[in-house]
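These notes concern the structure reproduced below.
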Amino acid sequence: MKIAFFNTKPYDRQSFNTANGTYQHEIVFFECHLSNETVSLAAGFAAVCIFINDYLNAEMLEILAKGGTKLIALRSAGFNHVDLATAANLGITIVRVPAYSPYAVAEHAVALVLSLNRKVHRAYNRVREGNFSIEGLLGFDLYGSTVGVVGTGRIGAIFAQIMRGFGCKLIGYDAYQNPACLAMGMTYVSMPELLASSDIISLHCPLTPDTRYLIDAVAIAKMKTGTMLINTSRGALIDTQAAIDGLKSGAIGYLGIDVYEQEADLFFEDLSNEVIQDDVFQRLLTFPNVIVTGHQAFFTSHALANIAETTLANIAEFETSGNCVNEVKLETAIATNSK
Ligand code: NAD
């Protein structure tokens with residue numbers, strides 16, 4: 001199939017070229033995002049492949065449909081960046097990669113926990129400058145601490161399993177009780193109880209209208225003083241200004257985020273020679289007890305290979321049968337409130 005790939009980096013091109021040895025699709029890689037300005041590049045391509053920070057609105061979908069595009073292949077699990085209703089009306093099929101490596105994301109969440117607790121980010125800089133003082137680097141034993149997991153699906157369950165290995169007590173909040181989490185000793189509690197009882201809270205639920213600003217000023221007020229908050233899921237689960245206020249008051253003792261609500265303007269680009277205009281983001285970076293990574297939790301060689309393989313298989317399945325097991329159906333998306 002003839003596929004236009006948007007928003008590609010060298011690592012994407014490498015993993016997709018390797019996987020395409022089996023499929024022999026006709027691939028054209030574009031570096032630019034898919035946007036109102038670039039959508040005309042896709043004219044004549046039956047399939048268009050995009051990433052999480054390519055927002056696909058109704059106007060762009062109409063231009064794609066006119067240009068002959070029948071399939072949008074998402075190189076992601078999430079599909080909150082696509083106007084699914086318009087795609088359905090235009091007869092454009094949307095497919096995704098539902099799971100590529102839950103280990104990658106869960107392990108990155110644990111990396112944030114360990115770095116924040118033992119202040120690895122600060123120790124690294126101190127030692128390089130010949131400062132071997134350990135003043136201010138005091139951590140706490142993870143053993144025996146209470147870890148609250150919000151969203152106990154694929155990633156949340158693996159995060160819980162790793163934290164269980166440290167000897168943490170596990171509590172969880174989810175509408176569905178995951179048997180694997182119950183088997184590892186997790187107790188399901190209400191969200192207010194999770195907020196009040198956790199030493200560490202890690203967010204692993206999707207972003208939906210219900211979960212937007214799940215962690216706001218009201219939620220932060222319910223937390224134990226000095227709670228560690230980790231978000232590797234979606235930025236808008238946290239009201240960033242409320243988190244800043246919580247950090248200033250000490251209510252939040254540590255914040256580790258791989259995602260940020262306004263990340264589309266920042267992440268995945270080298271802005272080191274530019275003045276960053278987002279004052280909220282810049283304020284976050286001033287705290288010694290905050291670590292921000294730029295949406296890299298998924299970024300392992302295993303995950304990239306799985307994303308490439310599943311995406312190309314999705315496209316091949318659609319080409320031969322007109323269907324795909326990983327299709328994002330509008331009804332299902334509405335029923336599950338999207339993610
Ligand atoms: P999943 O569907 O397996 O699990 C999500 C869980 O959240 C489900 O058990 C669901 O019942 C639960 N949930 C839904 N609404 C909830 C709510 N209001 N409160 C609590 N729980 C709720 O998904 P997954 O594969 O574990 O992925 C989780 C999230 O991780 C994704 O939605 C995505 O946003 C994020 N993610 C981030 C990266 C990254 O690189 N940072 C990569 C992949 C996925």
Side-chain angles (χ1 to χ4, degrees), residues 7 9 11-12 51-53 74-82 96-113 148-163 170-182 184 186 188-195 198 201-216 219 229-238 256-261 263-264 266-268 291-304 306-307 310-311 326 328 332-339:
N7 190 5
K9 304 282 185 206
Y11 49 79
D12 296 310
F51 194 46
I52 45 166
N53 49 353
L74 308 177
R75 306 197 291 278
S76 62
F79 46 80
N80 52 297
H81 50 305
V82 178
R96 66 174 183 139
V97 184
Y100 36 88
S101 174
Y103 298 98
V105 183
E107 288 169 12
H108 191 77
V110 176
L112 292 173
V113 171
V149 184
V150 180
T152 59
R154 281 177 288 249
I155 297 170
I158 292 164
F159 173 79
Q161 184 184 40
I162 301 171
M163 298 312 288
L170 300 175
I171 57 177
Y173 172 69
D174 196 311
Y176 304 97
Q177 301 202 351
N178 184 336
C181 292
L182 290 169
M184 65 180 89
M186 179 180 283
Y188 279 89
V189 296
S190 66
M191 189 64 187
E193 198 177 335
L194 184 142
L195 293 168
S198 301
I201 296 172
S202 194
L203 307 179
H204 299 287
C205 60
L207 176 63
T208 69
D210 287 345
T211 60
R212 187 180 160 77
Y213 287 0
L214 182 73
I215 305 296
D216 58 7
L229 178 61
I230 304 292
N231 186 10
T232 55
S233 196
R234 284 291 180 267
L237 293 177
I238 297 180
I257 56 173
D258 184 54
V259 285
Y260 167 61
E261 53 180 320
E263 70 178 54
L266 301 170
F267 288 3
F268 303 113
I291 297 181
V292 182
T293 55
H295 211 132
Q296 69 171 84
F298 76 99
F299 195 52
T300 67
S301 50
H302 291 83
L304 287 187
N306 287 340
I307 289 169
T310 306
T311 302
N326 291 324
V328 182
T332 324
I334 292 168
T336 58
N337 228 350
S338 178
K339 66 176 171 176

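We count ligands from 1, going down the list as the structure has it; atoms in each ligand are counted the same way.
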Inset, instruction - Please confirm whether Gln296 comes within less than 3.5 Å of ligand 1 when only nitrogen or oxygen atoms on both sides are compared. - result: no

Legend entry - Donor on one side chain, acceptor on other, Thr152 and Tyr176, under 3.5 Å: no

Legend entry - Sub-3.5 Å N/O-N/O distance, Ile155 and ligand 1: yes

Legend entry - Pairwise distance OG(Ser76) to NE2(His81) - rounded to 0.5 angstrom: 4.0 Å

Legend entry - Any Ala175 heavy atom less than 4.0 Å from ligand 1: no

Inset, instruction - Give a yes/no verdict on whether any heavy atom in Thr232 is under 4.0 Å from an atom of ligand 1. - result: yes

Inset, instruction - Check whether any N or O atom of Val150, backbone or side chain, sits under 3.5 Å from an N or O atom of ligand 1, and answer yes or no. - result: no

Inset, instruction - Heavy-atom contacts with Cys205 under 4.0 Å: which atoms of ligand 1 show up? List them by number with element. - result: 7 (O), 13 (N), 16 (C), 20 (C), 21 (N), 22 (C)

Inset, instruction - List the atom of Asn178, the atom of Ala157, and the distance in Å for their closest heavy-atom pair. - result: ND2-CB, 3.7 Å

Inset, instruction - Return the option from Asp174, Thr211, Ile257 holding the heavy atom at the smallest distance from atom 12 (C) of ligand 1. - result: Asp174

Inset, instruction - Quick one: sort the Phe268 and Phe51 rings into parallel, tilted or perpendicular, breaks at 30° and 60°. - result: perpendicular

Inset, instruction - Say whether Asp258, considering both its backbone and side-chain N or O atoms, lies within less than 3.5 Å of an N or O atom on ligand 1. - result: yes

Legend entry - Side chains of His295 and Thr293, donor plus acceptor under 3.5 Å: no

Inset, instruction - Could you pull out, from Gln177, Arg154, His108, the option with a heavy atom nearest to atom 3 (O) of ligand 1? - result: Arg154

Inset, instruction - Of the side chain and backbone of Tyr173, name the one, both, or neither that has a heavy atom under 4.0 Å from an atom of ligand 1. - result: both

Inset, instruction - Answer yes or no for Tyr100: is there a heavy-atom contact with ligand 1 below 4.0 Å? - result: yes

Legend entry - Separation between CG of Leu182 and CG of Leu170, rounded to the nearest 0.5 Å: 11.0 Å

Legend entry - Distance, nearest 0.5 Å, that separates CD1 of Ile307 from OG of Ser101: 9.0 Å

Legend entry - Region of Tyr176 that comes within reach of ligand 1 [heavy atoms, distance under 4.0 Å]: side chain

Inset, instruction - Could you list the atoms of ligand 1 found under 4.0 angstrom from a heavy atom of Val105? - result: 38 (C), 42 (C), 43 (C)

Legend entry - Candidates Asp258, Ile155, Thr232, Leu304 - the one meeting side chain to side chain contact (heavy atoms under 4.5 Å, CB included) with Phe298: Leu304

Legend entry - Where ligand 1 meets Phe298 - atom numbers and elements under 4.0 angstrom, heavy-atom basis: 40 (O)

Legend entry - Polar contact flag, side-chain donor to acceptor under 3.5 angstrom, Tyr173-Glu193: no

